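Here the structure is laid out as structure tokens; the discussion comes afterwards.
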Amino acid sequence: MVDDDAAVYDVAFSPDGSLLATAGQDGSLRLWDPATGLMVREPLDHSDSVMAVAFSPDGSLLATGSADGAVRLYARVR
């Protein structure tokens, strides 16, 4: 479940600056357009708080780590 009032634990800009990823206490990974401030896709959920988020140097992959020890790797989707 995504909670709009949950804390954000980590943020990362894509290498080209076109996306901002946020890691949430509510277990969500959200992708934002930093130019407009709008969320660009539905949140991706972990089963526990997402503690870390990072883009690969070329921006093609996005990695997350959650409090339950899970690490996920996503192909960058807009």
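Atoms considered below: every heavy atom in the structure, side chains included; atoms not considered: hydrogens, waters and symmetry mates. These figures come from a predicted structure and were not determined experimentally.
The two residues Arg30 and Pro43 have their closest heavy-atom pair at NE-CG, 3.8 Å. The two atoms that bring Asp58 and Pro15 nearest to each other are C-CG, 4.2 Å, heavy atoms only. Listed here is the closest heavy atom pair of Ala12 and Ala54: CB-CA, 4.2 Å. Of all non-hydrogen atoms in Asp48 and Ser66, the two that sit nearest each other are O-CB, 4.0 Å. Pairing each heavy atom of Gly17 with each of Pro34, the nearest pair is O-CG, 3.3 Å. Across Phe55 and Ala21, no two heavy atoms sit closer than the pair CE1-CB, 3.9 Å.
Hydrophobic clustering (ILVMFWY, side-chain heavy atoms < 4.5 Å, transitive): Leu44 and Leu19 are in one cluster. Both Val11 and Trp32 are part of a single hydrophobic cluster, where members link through side-chain heavy atoms under 4.5 Å apart. Tracing side-chain contacts under 4.5 Å through hydrophobic residues (I, L, V, M, F, W, Y), one reaches Met39 starting from Phe13; they form part of the same cluster.
Rounded to the nearest 0.5 Å, atoms CG (Asp33) and OG (Ser18) are 7.5 Å apart. Here the CG-CG distance, from Leu31 to Leu20, works out to 8.5 Å after rounding to the nearest 0.5 Å. Atom OG1 of Thr64 sits about 4.5 Å away from atom OH of Tyr74, to the nearest 0.5 Å. Atoms CG and CG, from Leu29 and Leu62 in turn, are 5.5 Å apart once rounded to the nearest 0.5 Å.
With hydrogens and angles disregarded, a donor-acceptor distance shorter than 3.5 Å links the side chain of Asp10 to the backbone of Val53.
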